[in-house]
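Here the structure is laid out as structure tokens; the discussion comes afterwards.
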Protein chains: 2
Amino acid sequence: MSLTHAPAGAVRQGSLRELNLALVLGRIATADRPPSRADLATATGLTRATVSAVVEDLLAGRLVSESDPAPRSGAGRPARGLVLADQGPAGLGLEVNVDYLAVCVVDLAGQVRHRTVHRADLRPVAPADALARLVEMAGAAREDAARHGLTLVGAALAVPGLVDDAGLVRLAPNLGWRDVPVPALLAEHPPLIEQVPGVPALVVDNEANLAALGELHSQPPGPSSFLHISGEVGIGAGIVLDGALFRGVRGWSGEIGHLPVHPEGRPCRCGGQGCLEQYAGQEAIVTAAGLARAELPADTATARLAELAEAGDADALRALHDAGTALGVAVAGVVNLLDLDTVVLGGGYAALAPWLCPPVLAEIGARVLTAAWSPVTVRPSTLGAEAAAVGAAGSVVRRIVAQPAGWLARAG
Amino acid sequence: MSLTHAPAGAVRQGSLRELNLALVLGRIATADRPPSRADLATATGLTRATVSAVVEDLLAGRLVSESDPAPRSGAGRPARGLVLADQGPAGLGLEVNVDYLAVCVVDLAGQVRHRTVHRADLRPVAPADALARLVEMAGAAREDAARHGLTLVGAALAVPGLVDDAGLVRLAPNLGWRDVPVPALLAEHPPLIEQVPGVPALVVDNEANLAALGELHSQPPGPSSFLHISGEVGIGAGIVLDGALFRGVRGWSGEIGHLPVHPEGRPCRCGGQGCLEQYAGQEAIVTAAGLARAELPADTATARLAELAEAGDADALRALHDAGTALGVAVAGVVNLLDLDTVVLGGGYAALAPWLCPPVLAEIGARVLTAAWSPVTVRPSTLGAEAAAVGAAGSVVRRIVAQPAGWLARAG
DNA sequence: GCTATTTGTTCAGCGATTGAATTATTTGCC
DNA sequence: GGCAAATAATTCAATCGCTGAACAAATAGC
């Protein structure tokens with residue numbers, strides 16, 4: 001039932017303006033060329049009078065600005081193009097991963113305006129210390145952002161593990177974290193965020209989820225429903241349905257790493273048998289390729305593997321083919337279940353995509369009933385290594401775009 | 001991003017009333033006791049003045065009526081309870097299945113007001129003839145409905161197969177249908193439906209999807225996210241997320257029958273190997289239990305199997321245990337992927353649930369990473385055999401409840 | 001019979017959208 | 001160069017629907 005879903009609560013007089021602010025701003029955000037007020041009127045169905053009034057609010061709140069290059073040329077008064085402001089609210093993205101810390105700032109338009117990566121093995125570091133380092137990096141990011149006229153209105157932290165609604169990291173096995181109360185630990189540091197109604201100061205979420213969100217909002221815009229697979233030590237998936245991340249009942253969706261691909265196969269640390277992770281996880285691939293994994297950190301191992309495959313190393317090629325086949329079995333199951341037409345390989349898989357895609361596609365072709373009518377695209381992620389941090393920061397500014405009324409109420 | 005999703009288009013002056021009509025009517029529909037106007041005001045956040053105006057519209061359009069038993073007793077003016085009208089718009093549910101045709105009428109409140117089942121082997125019957133019989137049954141249903149003051153405002157047809165957006169049945173393997181243009185075939189018969197803006201006259205959908213919708217709207221209300229598995233000859237699943245059926249990019253989601261449970265196992269007609277259907281499909285179970293399947297139609301075979309299991313027949317019990325284990329492997333994968341907390345066994349599985357649930361739960365417990373923190377419920381469907389027809393009819397009236405403005409515009 | 005209490009309605013006020021008229025600014029043609 | 005056509009954006013009275021407060025209705029308890 002694809003009904004236009006109504007707002008949850010009461011629709012008051014003022015909601016009308018709130019909804020139309022969001023409608024117009026969203027249109028400006030997704031347009032490929034800066035639209036004029038007249039363009040917006042025809043696109044949204046509102047009258048030009050209303051659009052003018054709404055745009056005036058947005059201009060006053062510095063969420064949009066008028067662009068110099070006119071969107072049209074020809075007879076008639078020239079239109080004034082509207083673009084998202086390159087100053088004003090911005091999102092702070094944070095990421096703790098096994099071998100790096102990342103911080104970035106993304107503006108309203110989705111541009112990455114600041115980026116810092118600190119490479120280090122985080123496994124021996126206590127959570128509180130890791131977060132303290134991250135806060136230090138974030139402080140520098142905030143100052144840099146302020147110099148560009150950007151105000152941080154919210155932060156999102158990506159963690160490779162299970163996170164509950166309150167931001168408690170239940171389990172991040174590869175990081176060695178268990179029951180880490182991130183919000184409480186971060187509350188001990190001076191706040192970097194200017195609170196805005198409707199935008200949570202801090203969201204903690206799974207790295208795979210946030211990387212998928214980053215992919216969703218990357219340029220050029222891709223499909224609105226897809227599966228994003230982050231192949232790290234574990235294998236996580238972010239499921240994007242109709243332009244929204246699907247989190248599951250408790251926010252623990254996407255545990256694709258424990259789909260069974262050989263039900264009577266190798267035992268897995270999850271307690272099951274033959275889980276995907278045992279055949280297509282980073283350690284499994286590296287080991288199968290004959291690389292002594294202990295000598296290398298995860299990202300270097302992946303790069304080395306790509307080098308070997310490039311050079312035609314038989315062991316590497318076979319390891320990648322086997323991993324791709326296992327991945328394909330799992331992905332085919334997901335596609336059968338959810339009827340998705342796009343699968344994005346992210347994280348460590350992105351660099352290995354040239355060798356993983358063919359066997360994945362082969363399994364999809366063999367196992368997906370509907371593949372004959374509708375082809376499935378499998379492609380590497382367009383975002384770089386710290387996709388989750390970018391997606392995290394992007395998720396903050398998307399809230400401003402989706403609910404501009406909160407920011408405008410603040411800005412006066 | 002669980003933002004309150006705004007309406008897709010422009011929010012005009014009149015949309016406000018439309019949205020609040022839907023809000024108030026939805027509240028009346030989901031309340032456990034007939035709410036008063038005052039109850040609705042506090043529940044929705046609207047003022048009592050607005051609620052009174054909205055309710056007046058709903059009463060005038062005969063979508064709700066005032067109930068006799070007052071919702072409250074005590075000091076103060078007695079409240080007048082509001083309930084969904086038992087006259088007015090109703091939905092027509094149709095179902096073509098392998099061994100029966102079913103027609104039913106469901107009123108606004110979700111009550112089944114008419115029900116006809118015609119048992120026959122439909123495999124040798126041409127699609128046009130099967131639909132003609134269904135139309136005949138529907139005509140009688142319409143007359144019966146009219147006698148109760150019900151007007152049919154839309155129809156939904158459940159088919160055990162893949163259906164595209166236009167209502168074309170691409171493939172219904174167990175029925176022997178391929179590329180059947182249902183809307184065109186039904187257009188040759190006189191219309192039974194009174195057109196209402198916003199309500200499609202005919203929707204054709206997968207039987208598993210509509211059965212899941214029926215479960216969603218069954219009384220008492222259950223969870224808003226769950227997996228509904230219809231175990232017939234094939235195995236289909238309806239995925240309900242946040243109170244809405246998830247259809248996938250092309251409407252072909254839920255093909256759980258082809259999740260791999262033994263990737264190097266038996267070949268499947270889909271082209272893959274070791275698909276769930278080969279281990280937990282009705283034929284597989286019946287054969288494994290030692291019943292000669294040819295002698296029995298599908299529903300009788302299931303009943304017989306339940307009898308044997310009840311009597312302690314070792315072969316039947318083993319067959320059910322093995323099928324349940326295979327089903328559990330697949331369900332565990334789905335739960336890992338989507339983080340659902342409820343699985344409903346419907347269709348042929350409903351009657352076999354006492355024997356299927358334990359092995360399914362065992363596999364979930366062993367393979368689902370998060371099962372330790374959040375238990376998963378596995379239970380049989382509460383609806384009867386023709387759940388899809390009831391769900392189909394229910395999906396029609398749900399549209400009226402979700403968008404009452406269309407009906408009100410018609411009724412004046 | 002009076003008061004407290006709760007329900008539901010009435011009504012002036014107001015915010016936001018609408019549609020038509022008006023102003024603003026350019027291109028192209030004579 | 002000047003004028004008409006075309007397109008963009010604004011202004012303004014009218015209207016729709018929600019709000020808040022006052023008011024009328026109806027009952028229980030004392």
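Chain identifiers are assigned alphabetically (A, B, ...) following the order of the sequence lines, protein sequences preceding nucleic acid strands; residue numbering begins at 1 within each chain. Since the model is a prediction, treat every value here as computed from it, not as a measurement.
- Applying the salt bridge (charged side-chain N to carboxylate O under 4.0 Å, His left out) rule to pairs touching residues 32-55 of chain B yields B/Arg37-B/Glu66, sequence neighbours excluded.
- Distance CD (B/Glu56) to P (C/dG8): 13 Å, rounded to an integer number of Å.
- Remark: C1' of D/dA8 and CD of A/Glu66 are 12 Å apart, rounded to the nearest angstrom.
- A/Asp86 is linked by a salt bridge (Lys or Arg N to Asp or Glu O under 4.0 Å) to nothing, counting only residues two or more places apart in sequence or in another chain.
- Axis deviation across the helix from C/dG1-D/dC30 to C/dC30-D/dG1 amounts to 10°, comparing end segments of five pairs, rounded to 10 degrees.
- Taking B/Thr47 as the reference, B/Thr50 meet the side-chain hydrogen bond (donor to acceptor under 3.5 Å, both in side chains) condition, with sequence neighbours excluded.
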Are there any protein N/O atoms within less than 3.5 Å of an N/O atom in nucleotides 23-26 of chain D, and if so, which ones and at what distance?
{"residue": "D/dA26", "atom": "N3", "partner": "B/Arg77", "partner atom": "N", "Å": "3.1"}

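- Evaluation of the side-chain hydrogen bond (donor to acceptor under 3.5 Å, both in side chains) rule for A/Arg113 yields A/Asp107 as partners, not counting sequence neighbours.
- Listed by chain and residue number, B/Asp57 satisfy the side-chain hydrogen bond (donor to acceptor under 3.5 Å, both in side chains) test with B/Arg17 (two or more places apart in sequence, or in another chain).
- For B/Pro200, the side chain to side chain contact (heavy atoms under 4.5 Å, CB included) criterion is met by B/Val203, B/Arg399, not counting sequence neighbours.
- The side-chain hydrogen bond (donor to acceptor under 3.5 Å, both in side chains) analysis of residues 194-205 of chain A, with sequence neighbours excluded, yields the pairs A/Glu194-A/Arg410, A/Asp205-A/Asn209, A/Asp205-A/Arg247.
- Proximity of residues 31-38 of chain B to DNA chain D (heavy atom under 4.0 angstrom from any strand atom) is not detected for any residue.
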Quick test: give all pairs of protein nitrogen or oxygen and nucleotides 15-19 of chain C nitrogen or oxygen below 3.5 Å, distance rounded to 0.1 Å.
{"residue": "C/dG15", "atom": "N2", "partner": "A/Gln13", "partner atom": "OE1", "Å": "3.2"}
{"residue": "C/dA16", "atom": "N3", "partner": "B/Gln13", "partner atom": "NE2", "Å": "3.1"}
{"residue": "C/dT17", "atom": "OP1", "partner": "A/Asn20", "partner atom": "ND2", "Å": "2.9"}
{"residue": "C/dT17", "atom": "OP2", "partner": "A/Arg17", "partner atom": "NE", "Å": "3.1"}
{"residue": "C/dT17", "atom": "OP2", "partner": "A/Arg17", "partner atom": "NH2", "Å": "2.8"}
{"residue": "C/dT17", "atom": "O4'", "partner": "B/Gln13", "partner atom": "NE2", "Å": "3.3"}
{"residue": "C/dT18", "atom": "OP1", "partner": "B/Arg12", "partner atom": "NH2", "Å": "3.3"}
{"residue": "C/dT18", "atom": "OP2", "partner": "A/Thr47", "partner atom": "N", "Å": "3.4"}
{"residue": "C/dT18", "atom": "OP2", "partner": "A/Thr47", "partner atom": "OG1", "Å": "3.3"}
{"residue": "C/dT18", "atom": "OP2", "partner": "A/Thr50", "partner atom": "OG1", "Å": "2.9"}

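- Applying the side chain to side chain contact (heavy atoms under 4.5 Å, CB included) criterion to B/Pro223, with sequence neighbours excluded, gives B/Phe226, B/Thr342, B/Arg379.
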